[in-house]
Amino acid sequence: MIRKAVLPVAGLGTRMLPVTKVVPKELLNIIDRPTIEYVVDEVIASGIDTLIFIISQGKEKILEYFNLDLGLRTFLKERKKLDLLKKVEEVENKVKNLISVIQKIPEGLGQAVLMAEKVVGNEPFAVLLGDDLVDAKEPCLKQMIHFHLKYGGNIVAVEEVPLEDISKYGIIEGEKIEERIIKVKNVVEKPSLEEAPSNLAIIGRYIFQPVIFEYLKRIKKSVGGEYQLTDAIQLMIEEGHEVYAYLFEGKRFDTGNKKGFFRTVLHYAQKDEELKEILQEFCQLNVFS
Ligand code: UTP
């Protein structure tokens, strides 16, 4: 069983500067909740109650968001703002076991995941990126756990991306073994269009066996001068470990860049009855006038 989820949130979020000078991108709000809360909800709805946050300096606010704020609770109680109190309590009671590990210098996702080694121990675990959201009927991670129970090994979630986006992702090559499941033979980080073996891109959801840590220790800095998680996955495959790619059901949103972030906000706004109306009004006034 998967009991632990690692959430790397230590990155600098440079694509969202200047706001990320002072606000971690994982705390930027999608409507009235920070991005990271959507990811945390997915983890909990997938049956996992131990969350390991990999943070860096300046990102402590992410932990604070889920921590108890007794002063705020007392204030809301005294003012009889019980609806608001309920909202705050819901967030603060959400994570049963919260552990944080500091990545002193964010030198890549590969290094961030390696920071979790001691806390994870010798058991399979999940990794979810704090800026990737998946809106799905059944949580994406839960779908993956289902296949993990069947196949074991390691699983990465993938989706088809347009050709012009291929060079932004880790791309896989493999062989289909059943509907939505591909046995991975190769992964390439941010290939050019010519080098890309497919248009199947790895998104921010993974299930790993603890042996990944051994490979993370062996990789060197590569694309972008960072320790790339995909390099460890490739090495693992080369040495005979099984990695499956799962074409998840649902819609993914990359909140780590301006366009992706705006798309995410619009998606969740049109799912909200009150906001949907405003969106419709806005479109009528501005597009058709
Ligand atoms: P990204 O590459 O999207 O995040 O990593 P980034 O480096 O913060 O963004 P840019 O490119 O500068 O805009 C995906 C996830 O991995 C975490 C990030 O916080 C993000 O949630 N990450 C990345 C780490 O925890 N440590 C790192 O060294 C790098």
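Computation of the quantities below employed the complete heavy-atom set of this structure, encompassing side-chain atoms and omitting hydrogens, waters and symmetry-equivalent molecules. Here the structure is a predicted model, which is why all the values come from computation and not from measurement. In each ligand, atom 1 is the first atom listed, and ligand 1 is the first ligand listed.
- Closest heavy-atom contact between L114 and L216: N-CD1, 3.8 Å.
- Between the N154 side chain and the V243 main chain, no donor and acceptor come within less than 3.5 Å of each other.
- For ligand 1 and Q103, the ligand atoms under 4.0 Å from any heavy atom of the residue are 24 (C), 25 (O), 26 (N), 27 (C), 28 (O).
- Residues R218 and L235 meet the side-chain proximity criterion, which asks for heavy atoms closer than 4.5 Å.
- Nearest to atom 8 (O) of ligand 1 among the protein's heavy atoms is G13 N, 2.8 Å.
- Note on ligand 1: E107 sits in its first shell, one or more heavy atoms being nearer than 4.0 Å.
- Remark: ligand 1 atoms within the under-4.0 Å shell around heavy atoms of K25 are 1 (P), 3 (O), 4 (O), 6 (P), 8 (O), 9 (O).
- Residues H241 and Y215 place their aromatic rings such that the two centres sit under 6.0 Å apart.
- No donor-acceptor distance shorter than 3.5 angstrom exists from the side chain of Q228 to the backbone of L109, with no hydrogens or angles considered.
- Looking at heavy atoms from C-beta onward, R205 lies in side-chain contact with E42 at the 4.5 angstrom threshold.
- Taking every non-hydrogen atom of L129 and a distance limit under 4.0 Å, the qualifying atoms of ligand 1 come out as 14 (C).
- There is no protein heavy atom closer than 4.0 angstrom to atom 5 (O) of ligand 1.
- Between F248 and Y246, the distance from one ring center to the other does not fall under 6.0 angstrom.
- Residue contact check: V9 has heavy atoms under 4.0 Å from atoms 19 (O), 25 (O) of ligand 1.
- Annotation for ligand 1: atoms under 4.0 Å from non-hydrogen atoms of P106 are 27 (C), 28 (O).
- Heavy atoms only, all atoms of each residue included: G130 and I36 are closest at CA-CD1, 3.8 Å.
- Below 4.0 Å from some heavy atom of R15 lie the following atoms of ligand 1, by number and element: 1 (P), 3 (O), 9 (O), 10 (P), 11 (O), 13 (O).
- The two residues T35 and L28 make their nearest non-hydrogen contact at OG1-O, 2.7 Å.
- Residue, atom and distance of the protein heavy atom nearest to atom 28 (O) of ligand 1 are G108 N, 2.7 Å.
- Here F208 and F213 keep their ring centres 6.0 angstrom or further from each other.
- Ligand 1 is never approached by E226 to a heavy-atom distance shorter than 4.0 Å.
- Against a heavy-atom cut-off of under 4.0 Å, E26 is close to the following atoms of ligand 1: 18 (C), 19 (O), 20 (C), 21 (O).
- Close contacts of ligand 1 with A112, meaning ligand atoms under 4.0 Å from a residue heavy atom, involve 24 (C), 25 (O), 26 (N).
- In terms of polar-atom proximity, M16 is not counted as a contact of ligand 1, lacking any N or O under 3.5 Å from an N or O of the ligand.
- Protein heavy atom closest to atom 12 (O) of ligand 1, with residue, atom name and distance, is T14 OG1, 2.5 Å.
- Taking all heavy atoms of G11, P8, A10, G224 into account, the minimum distance to atom 15 (C) of ligand 1 is reached by P8.
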